[in-house]
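Residue numbering restarts at 1 for every chain, and letters A, B, ... go by the order of the sequence lines.
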2 protein chains.
Amino acid sequence: MAEPEDSASRADRAAGDIRSLLISGGLVPGQRLSETALGETLGVSRNTLREAFRELTSERLLTRRPHAGVFVAVPGLSSIIDIYRVRRIVEGQALGTASPGHPAGARMHTAVESAADSAAAGDWVAVGTANMEFHSAIVALADSVRLDRLYANISAELRLAFGLLDDPEYLHRPYVERNTHVLGLYDGGDSAGAAAALDAYLVHSERTVLAAYSRRIPR
Amino acid sequence: MAEPEDSASRADRAAGDIRSLLISGGLVPGQRLSETALGETLGVSRNTLREAFRELTSERLLTRRPHAGVFVAVPGLSSIIDIYRVRRIVEGQALGTASPGHPAGARMHTAVESAADSAAAGDWVAVGTANMEFHSAIVALADSVRLDRLYANISAELRLAFGLLDDPEYLHRPYVERNTHVLGLYDGGDSAGAAAALDAYLVHSERTVLAAYSRRIPR
DNA sequence: ACACGCATATCGTTGAACAATAGCTATCAG
DNA sequence: CTGATAGCTATTGTTCAACGATATGCGTGT
């Protein structure tokens with residue numbers, strides 16, 4: 001990756017830092033983010049931090065409660081359902097109508113291999129990351145920067161939700177094989193079949209996540 | 001509509017004001033937005049205005065050039081292409097897989113009627129607005145708040161692009177009939193046919209806009 | 001146990017200040 | 001006359017301090 005750590009504005013860097021804390025688990029869903037405290041930690045002023053908050057709030061990673069502060073978003077069941085609805089529409093179309101030989105195919109391959117390696121090593125959160133990269137590559141087949149961005153946001157939200165669940169092996173293990181299967185169909189030129197397999201994948205994954213989710217968080 | 005003009009934060013209201021100025025033509029693409037001047041106009045401080053800028057920049061309505069200021073975005077050909085790509089994917093799936101009797105159907109009807117009325121009155125920009133509402137209702141068929149928001153952003157961008165073009169009659173007239181046709185197919189239960197007609201619609205519209213666009217703005 | 005009212009810390013917003021820099025302008029060499 | 005260079009200036013990027021507004025917790029009383 002590039003290193004935009006000093007070229008970007010301070011608010012942009014703060015937003016990136018917060019994003020990193022979110023995926024690393026340094027900030028957990030529901031947690032309140034004090035402007036002064038977090039500003040001091042990140043080394044930015046309150047106003048600058050507020051700009052970062054704006055950005056992250058519009059990405060649904062943070063939630064703003066007026067006069068009470070900003071909180072790390074707690075994805076609810078409705079969010080999960082909505083996210084999977086978007087995924088089925090976007091990923092399905094992207095994979096089903098992709099032109100053969102698209103450069104994103106390479107990304108899909110490396111992601112699948114990386115997932116297999118991590119699975120062999122037993123590192124299930126790395127498997128989860130690789131799986132997400134696989135699906136991000138699928139969306140990239142559509143060649144749309146706007147869909148890419150939408151999907152990046154959705155992935156971050158989903159990571160937040162996964163963070164609420166334990167047992168990452170149960171969450172990610174079944175899908176490395178399914179991803180391989182989808183990739184095989186796509187490579188074989190059967191885009192429609194690949195899309196159908198992907199749809200089944202997503203239905204299964206949504207059901208699993210929803211079940212684990214409602215088990216953990218009532219309502 | 002509701003009246004959230006005093007409940008929302010000042011930055012939110014400022015962002016809304018700027019959005020209104022963008023669609024009303026009070027701000028034109030390429031124009032530079034001075035922080036002090038615009039802040040005085042909207043009655044907010046520089047810091048608050050900057051928060052609004054963050055939000056609108058993340059929606060691609062404004063562009064930030066470091067140390068040079070924020071500018072009203074100038075949608076390029078690549079943006080138009082990208083937007084129509086998203087529209088075909090999202091609208092097509094939403095319409096093609098919609099469950100019958102969805103409440104958004106009513107929105108589609110009122111939008112088509114409103115477009116017809118405005119067309120009879122010769123108010124072509126109102127026709128454009130009604131047409132956009134029609135397509136927004138189509139996206140609402142998917143029942144996804146995330147897709148709704150994506151589409152709202154895209155619509156705003158598209159309005160920006162349309163603002164660069166003159167001759168709104170040429171841009172919007174052909175589509176009131178096409179929308180009626182699509183709606184007829186959908187009402188008749190032929191979702192697949194409606195989706196196909198819609199896709200043809202979008203291909204035609206994209207071609208028209210791109211042609212007018214490259215005629216007006218070289219490169 | 002519950003409702004009510006107060007206290008306080010935090011948010012929301014402003015204004016001023018200063019460093020950094022992009023873009024203009026005037027100068028000057030060729 | 002053209003082009004490059006150096007300096008000026010207005011604007012942005014960022015911080016800090018201040019103050020009103022309000023959500024939340026605590027204590028009181030019933």
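Distance B:Arg64 CZ to C:dA22 P: 14 Å, rounded to the nearest Å. The distance from atom NE2 of A:His67 to atom P of C:dT8 is 20 Å, rounded to the nearest whole Å. Here the C1' atom of nucleotide C:dT13 and the CZ atom of B:Arg13 are 11 Å apart, to the nearest Å. For A:Arg50 and C:dC11, the CZ to C1' distance is 7 Å, given to the nearest whole Å. Across the protein-nucleic acid pair, A:Leu49 atom CG and C:dG12 atom P stand 11 Å apart, rounded to whole Å.
Comparing A:Ser45 and A:Pro66 along DNA chain D, the residue whose closest nucleotide (by nearest heavy atom) sits nearer the 5' end is A:Ser45. When each of A:Asn47 and A:Ala68 is assigned the nucleotide of DNA chain C with its nearest heavy atom, A:Ala68 is the one assigned upstream, toward the 5' end.
Distance check, rounded to the nearest 0.5 Å: CG of B:Asp82 to CZ of A:Arg149 gives 11.5 Å. Rounded to the nearest 0.5 Å, atoms CG (B:Leu49) and CZ (B:Arg54) are 12.5 Å apart.
Between B:Arg10 and C:dT14 there is a side-chain polar atom (N or O) within less than 4.0 angstrom of OP1 or OP2. Under 4.0 angstrom from either OP1 or OP2 of C:dA22 there lies no side-chain N or O belonging to B:Arg65.
Read 5' to 3', the first and last nucleotides of DNA chain D with an atom closer than 4.0 Å to a heavy atom of chain A are D:dT14 to D:dT24.
Taking the charged nitrogens against the carboxylate oxygens, B:Arg146 and A:Glu157 do have a contact shorter than 4.0 Å, which makes a salt bridge. Ion pair A:Arg87/A:Glu206 not flagged as a salt bridge, since none of the NZ, NE, NH1 or NH2 atoms sits closer than 4.0 Å to an Asp/Glu carboxylate oxygen.
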Q) When Watson-Crick pairs (N1 to N3 and N6-O4 or O6-N4) and G-U wobble pairs (N1-O2 and O6-N3) count only below 3.5 Å on both distances, what is the dot-bracket string of DNA chain D, with | for other-strand pairs? A) ||||||||||||||||||||||||||||||
Q. After noting the C-alpha distance and the side-chain angles of B:Val182 and B:Leu95, does the key distance pass the side-chain contact (heavy atoms from CB on, under 4.5 Å) rule?
A. CA-CA 10 Å; B:Val182 169; B:Leu95 186 61; 3.7 Å; yes
Q: List the steps, then state whether ring-ring contact (aromatic ring centres under 6.0 Å, His included) holds for A:His135 with A:Tyr151.
A: CA-CA 9 Å; A:His135 291 273; A:Tyr151 198 81; 7.3 Å; no
Q.
One pair to check against side-chain contact (heavy atoms from CB on, under 4.5 Å): A:Leu183 and A:His109. What are the steps and the verdict?
A. CA-CA 8 Å; A:Leu183 182 55; A:His109 272 101; 3.5 Å; yes
Q) Which is it for B:Leu198 and B:Leu202 under the side-chain contact (heavy atoms from CB on, under 4.5 Å) test, yes or no, and what are the steps along the way? A) CA-CA 6 Å; B:Leu198 177 69; B:Leu202 288 172; 4.3 Å; yes
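Taking all atoms of both residues into account, the shortest heavy-atom contact from B:Ala73 to B:Pro75 is O-CD, 3.4 Å.
With A:Phe53 as the aromatic partner, A:Arg64 does not meet the cation-pi criteria of under 6.0 angstrom to the ring centre and within 45 degrees of the ring axis.
Within residues 29-44 of chain A, the residues that have a heavy atom under 4.0 Å from DNA chain D are, in order of number, A:Gly43, A:Val44.
Judged purely by atom type and a 3.5 angstrom limit, A:Ser205 has no side-chain atom pairing as donor or acceptor with the backbone of A:Tyr201.
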